[in-house]
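In the text below, chain A, chain B and the rest are named by the order of the sequence lines, each starting its count at 1. Keep in mind that what you see is a predicted model, and the values were worked out from it rather than measured.
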Amino acid sequence: MDSLKKIEEKWQNIWNFEANVDEKLKKFFITFPIPYVNGLLHLGHAATFCRAEFLARYKRLKGFNVLLPQAFHTTGSPIMAAVYRLKSGDKKIVNDLLMQHVDEKEIEKFKNANYWVDYFIPKAVEALKKLGASIDFRRTFITTDPEKSFTKFVEWQYKKLAKKDLIKKGKHHVVYDLKVDKVIGDHDRPDEFVDISYVEGYIIKFYLEDFIIPCFTLRPETLLGVTNIWVNKDGEYLLVKVDGEKWILPNTIVIDEIKAQEHMVEVINKIDIKSLLYKRVKNPYTNEEVPILPSTFVDTEIGTGIVMSVPSHAPYDYIALIDLNDEIAKKCLQNMKSLFALEGYSEYPARDVVERMKITSQKDKEKLEKATEEIYSKEFYYGITKVIFGKFAGKRVCEIKDEFANELIKKRLAIKHCTLPIRFHSRYGNKCVVRLIDQWFINYSNQGWKNLALECVEQMIFYPKEAKNEIIRAIKNMRDWAFVHKDILGTRFFLDKEWFIESLSDSTIYMAFYTVAHSLKNCGEENLTEEFFDELFSKDKEFNYWYPLDLRVSGKDLLYNHLPFMIFHHVAIFDRKHWPKAIAINGHVLINGEKMSKSKGNFIPILDVLKKYSSDSLRFLLAMNSYSSLNDMNVEIGKIDKIEEEIVSWYDFCLKEFGNDLKKERMIDKWFETVLNKALKECEVFYEELDFRNVINKWYELERMFNWYLKRCKTPSKKYVEYYKKIRSLIVYPIIPHIVSEIFEKLNFELKWIEVSKVDENYLKVEKYMENLIEDIKSVLKLAKIEKIEKIKIIVCSREKASIVKRIIESNLSYEEAKRELSRLFKTNINPEILQRFVETELEEVALKENLEFLREEFGVEVVVEKEEESKEEKAKKSFPGKPSIVVV
RNA sequence: GCGGGAGUGGCCGAGUUUGGUCAAAGGCGUAGGUCUCAGAAACCUAUGGCUUAGUGCCUUCGUGGGUUCGAAUCCCACCUCCCGCACCA
């Protein structure tokens with residue numbers, strides 16, 4: 001709507017959210033994580049950001065000096081990966097850009113990584129401004145190169161960590177493309193291979209004379225049940241020297257993979273695998289001799305391309321032996337050894353499941369994978385090792401697996417080895433391997449550091465409460481973190497300039513940087529020394545005023561990485577008084593019940609919404625759907641039209657003269673005032689809890705209350721209509737600030753939260769009484785089989801009865817006791833629930849007196865009030881305090 | 001598997017901390033009505049079943065038990081669904 005847009009523009013030009021030190025005012029410092037700017041800000045960002053924004057606005061109403069800054073994240077690989085994809089002519093990335101309204105002619109420019117930053121940051125700022133975000137933009141920065149003060153700040157932080165011995169060098173497994181010499185993260189993979197991680201297994205060395213048959217396995221504990229070895233009969237194998245030993249390996253990528261895991265590998269010559277078939281090799285643990293047999297299911301590109309066969313516990317092995325069906329295979333089946341006891345299965349679970357699933361051949365991959373998964377997981381968690389395991393016997397597999405494997409390694413019968421579950425290729429078209437690389441780690445496993453972090457968590461507040469335990473668990477489970485990568489944007493690592501500090505690791509304490517960011521803009525690089533930052537973060541006035549962080553608002557995706565990191569780094573770098581105070585976490589945003597994604601086509605940039613709708617409407621929609629739990633929030637985007645109308649009609653209503661100047665205040669007026677005051681108080685709690693949904697509910701509830709007020713009073717009081725305009729606007733100011741600012745300006749209200757001292761519950765009680773009475777009369781009328789009603793008699797119970805009932809209530813009896821007492825006193829069974837309708841006789845009388853006229857009009861007949869002791873009606877006796885008898889004649 | 005969250009009426013969704021006006025807010029939908037040339041919108045009424053002078057009963061909050069005078073709410077067991085388990089922002 002045009003008018004809303006104009007109003008928004010007006011206020012966005014007037015507003016100024018530059019926050020400055022003011023010792024007289026209490027401060028409140030809120031942050032939202034720095035979004036990564038490889039695309040437009042979308043509704044997911046808006047939903048979480050708005051939680052910070054709403055609270056910031058609320059705190060300002062309450063008189064706080066609020067700082068809400070916003071920077072942008074440019075560190076990491078997504079942009080670099082996108083640039084690569086673009087250069088290699090990937091249509092999908094072009095499409096993504098077009099979808100985000102990038103001009104087709106502009107696409108070329110995105111082949112330069114910096115252009116992404118130059119393009120999307122102004123768009124992000126524009127989106128936030130149009131959203132009406134109350135941000136101090138002077139403090140905005142980015143995390144990479146032109147922003148020297150920030151990269152120097154990161155460097156300062158890591159130097160401090162290094163001095164405290166919290167970073168160290170080590171080895172780390174990664175998925176790697178050897179041809180392009182790169183770590184292959186999700187961004188460097190075709191979509192179908194995203195999320196595939198390497199598997200950790202073992203190579204067990206079986207001996208054939210003086211050379212080794214290396215078998216790769218994920219289940220070293222089944223070594224005791226090996227009946228044979230499998231090779232792929234169509235595979236090409238080589239004799240290879242590995243760390244001085246002679247191994248048989250397939251002529252595939254697995255050789256490169258072994259090499260990549262720091263083994264000396266040298267190919268000696270080809271070997272005809274057929275010449276090895278049926279030869280017997282020695283099980284290094286049991287010294288048993290088992291034959292090498294041909295198969296087709298063994299993948300020569302995984303592990304070592306050779307596996308050991310345990311037909312009792314591995315469906316593949318069992319069915320392959322059945323397939324082979326020769327004398328030796330039959331013998332192997334006879335030699336099956338049962339290793340684990342597993343409830344619900346025979347001695348040979350593999351055979352059970354193959355027969356149950358009717359698997360007929362080793363080619364039946366789909367069923368075999370399922371069967372294998374079933375047996376693996378059940379045996380791992382519930383399988384009990386049999387006597388054959390010696391000192392490992394009688395335990396669950398999961399308990400002894402690692403111990404058993406470690407013994408094999410110690411005895412040099414096996415080595416650890418990682419491989420991929422399927423041999424996929426990178427975006428660059430080459431097959432990937434698992435590689436062991438030198439890495440730098442942040443030493444999060446350091447117990448002393450963890451304890452400090454946990455101490456910090458203890459004194460923090462979390463929204464919702466469940467999140468606290470999650471964070472504690474995350475901290476306890478935290479392992480060392482590889483924190484430098486190559487070929488990404490970011491801050492160079494000062495100990496090794498080839499490497500860059502990756503994006504989760506450079507954004508740990510930057511909230512502190514906000515406090516000084518604007519004053520460092522023109523600081524020469526040479527001045528940004530360690531001493532300079534040391535001084536800054538101990539003595540600086542702004543830092544000491546704004547810090548600590550009062551609230552961080554974040555999506556739940558950061559629960560297990562960024563948020564614990566933030567805590568770890570704060571406790572390492574800053575004094576206790578500067579540790580963060582609170583974290584609010586919310587679920588992800590679903591659009592009409594679906595996850596938002598570019599490929600699904602339901603990716604909605606903030607700017608797109610604001611092109612058509614007002615910011616207030618969007619903010620309202622997000623507040624309405626916001627949850628104060630870790631659950632995902634479902635945004636029904638279609639509702640925004642209706643919201644837009646509601647906002648406009650509220651605005652129109654506010655500007656209209658409404659109500660009469662009344663000389664006398666009625667009970668119903670006081671009731672309405674009480675309702676409004678109560679709403680105000682309730683909303684305070686909602687805001688403090690970041691429960692914006694309930695604020696919205698309150699907004700709707702007030703409308704219903706107002707309608708009731710109109711209905712009940714017939715002539716509304718202008719004074720209270722004005723108060724209604726004010727309160728109903730005020731409670732949603734943080735959510736829809738533009739329109740409320742306009743309303744307040746037009747009506748000449750002061751924009752400030754109203755502190756309500758007391759809420760007189762009696763007015764609410766009286767009105768509830770009236771509501772019940774009206775309901776009751778309606779029911780009676782409906783049921784009365786009287787053609788023409790002349791009169792309604794309302795018979796109020798006697799004072800005597802009322803005082804008896806009051807005594808029962810005041811003596812705070814249990815339900816049962818109250819019931820007994822009531823039946824004793826009134827000689828009949830009375831449901832104690834009626835006590836909740838109790839109203840003092842005086843109030844009852846006043847209420848009836850004031851509302852008699854209303855009741856007459858409402859029901860169109862004469863209404864009279866009688867007292868129980870004076871009434872001749874039989875039903876008079878049934879009257880109760882708060883629930884008079886009703887007789888229609 | 002571990003950890004977290006969740007299962008409520010035709011649908012969406014509150015209520016669960018602190019058991020009792022909870023046959024369960026609010027919204028959507030549906031049916032009837034008012035208004036209109038008509039439609040849309042808006043407003044009113046109804047919306048588990050059977051009853052009824054303002055009532056009572058039955059069935060119902062994933063399933064099955066339990067505690068209690070009383071359970072959507074507390075306890076136990078089970079079933080189902082969603083999310084996270086890292087080098088990636």
Side-chain angles (χ1 to χ4, degrees), chain A residues 33-38 73 75-79 81 172-175 183-189 194-195 197 376-378 380-382 398 437 439 441-442 444 464-467 469-470 473-474 476-485 488 502-505 507 555-562 564-565 587-588 590 592-593 595 624-625 627 629-632 634 636 638-639 642 645 649 693-694 696-697 700-701 704 707 768 772-786 814-820 831-837 875 878 882-888:
Chain A
I34 43 180
Y36 193 77
V37 284
N38 61 338
H73 213 180
T75 310
S77 57
I79 288 179
H172 185 54
H173 287 283
V174 288
V175 177
V183 177
I184 302 302
D186 282 346
H187 295 293
D188 306 302
R189 304 179 190 186
V194 159
D195 272 345
S197 188
Y376 272 30
S377 78
K378 286 210 171 147
F380 182 69
Y381 293 104
Y382 306 113
C398 54
I437 58 169
Q439 246 294 8
F441 292 88
I442 304 175
Y444 291 132
K465 290 194 283 291
E466 304 90 273
N469 287 332
E470 284 295 286
R473 224 171 41 80
K476 284 187 176 162
N477 292 342
M478 191 71 75
R479 287 185 272 159
D480 293 344
W481 182 265
F483 75 98
V484 289
H485 292 170
I488 60 167
E502 62 84 38
S503 59
L504 284 166
S505 304
S507 53
K556 68 177 170 188
D557 44 337
L558 302 181
L559 224 163
Y560 303 97
N561 44 50
H562 165 72
F565 285 15
H588 293 139
L590 303 177
N592 301 327
K595 219 171 184 166
M624 188 158 86
N625 291 294
Y627 290 146
S629 80
L630 294 177
N631 281 356
D632 289 346
N634 185 21
E636 286 173 63
K639 283 189 176 163
K642 211 177 157 196
E645 283 173 27
S649 74
R693 166 192 284 241
N694 266 321
I696 299 296
N697 282 348
Y700 283 120
E701 190 185 310
R704 288 196 297 275
N707 287 335
K768 187 76 203 169
N772 283 332
L773 181 63
I774 293 165
E775 277 301 302
D776 287 349
I777 294 174
K778 273 188 190 163
S779 312
V780 174
L781 288 176
K782 209 163 129 194
L783 296 168
K785 294 183 180 72
I786 299 172
S814 74
Y815 188 83
E816 268 309 291
E817 289 165 332
K819 193 172 174 183
R820 238 178 290 130
N831 190 339
E833 277 159 28
I834 201 170
L835 295 176
Q836 295 180 35
R837 281 181 66 163
K875 282 201 75 188
K878 280 196 158 185
K883 193 169 187 291
S885 292
I886 296 157
V887 176
V888 298

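- Residues forming a side chain to side chain donor-acceptor pair (under 3.5 Å) with A:Tyr560 (at least two apart in sequence, or on another chain): A:Glu470.
- Here A:His485 pairs with nothing under the side chain to side chain donor-acceptor pair (under 3.5 Å) rule; sequence neighbours left out.
- If A:Glu775 and A:Arg189 are placed on RNA chain B by their nearest nucleotide, the residue sitting closer to the 5' end is A:Glu775.
- OP1 or OP2 of B:A89 lies within a sub-4.0 Å distance of a side-chain N or O belonging to A:Ser77.
- With sequence neighbours excluded, the residues satisfying side chain to side chain contact (heavy atoms under 4.5 Å, CB included) with A:Asp557 are A:His588.
- With both ends at atom P, the span from B:G19 to B:A40 equals 48 Å, rounded to whole Å.
- Residues satisfying the side chain to side chain contact (heavy atoms under 4.5 Å, CB included) criterion with A:Lys476, sequence neighbours excluded, are A:Leu454, A:Ile472.
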Pairs under 3.5 Å (N/O, protein and nucleotides 17-27 of chain B):
from, atom 1, to, atom 2, distance (Å)
B:G20, O2', A:Glu833, OE2, 3.4
B:U21, O4, A:Gln836, O, 3.3

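- Proximity note for A:Lys556 (side chain, C-beta onward) versus B:G54, B:C83, B:C88: the nearest is B:C83.
- Pairs of Watson-Crick or G-U wobble type, with distances under 3.5 Å, assemble into runs of 3 or more in RNA chain B at these ranges: B:1-7 with B:79-85, B:10-12 with B:26-28, B:29-34 with B:42-47, B:48-50 with B:56-58, B:62-66 with B:74-78.
- Among the atoms of the strands shown, none is found under 4.0 Å from any heavy atom of A:Ile777.
- A:His73 contributes a side-chain N or O that, together with a main-chain N or O of A:Ser503, makes up a donor-acceptor pair within less than 3.5 Å.
- Here the nucleotide nearest the side chain of A:Val888, chosen from B:A53, B:A89, B:G3, is B:A53.
- With sequence neighbours left out, the side chain to side chain donor-acceptor pair (under 3.5 Å) criterion links A:Asp776 to A:Arg837.
- Checked against side chain to side chain contact (heavy atoms under 4.5 Å, CB included), A:Phe380 has the following partners two or more places apart in sequence or in another chain: A:Val397, A:Cys398, A:Lys401.
- Considering only side-chain atoms of A:His73, the nucleotide from B:A86, B:G54, B:A89 that sits closest is B:A89.
- Checking B:G54, B:A89, B:A86 against the side-chain heavy atoms of A:Pro78 singles out B:A89 as nearest.
- Side-chain proximity of A:Arg479 to the nucleotides B:A89, B:A86, B:C88 is greatest for B:A86.
- Of the possible donor and acceptor atoms, none in the side chain of A:Glu502 sits under 3.5 Å from a partner among the backbone N and O of A:Gly76.
- In this structure, the salt bridge (Lys or Arg N to Asp or Glu O under 4.0 Å) partners of A:Lys639, at least two apart in sequence or on a different chain, are A:Glu636.
- Candidate nucleotides B:G3, B:G54, B:C87 were compared by shortest atom distance to the side chain of A:Ser885, and B:G54 ranks first.
- Rounded to the nearest Å, the gap between the P atom of B:G62 and that of B:C12 is 13 Å.
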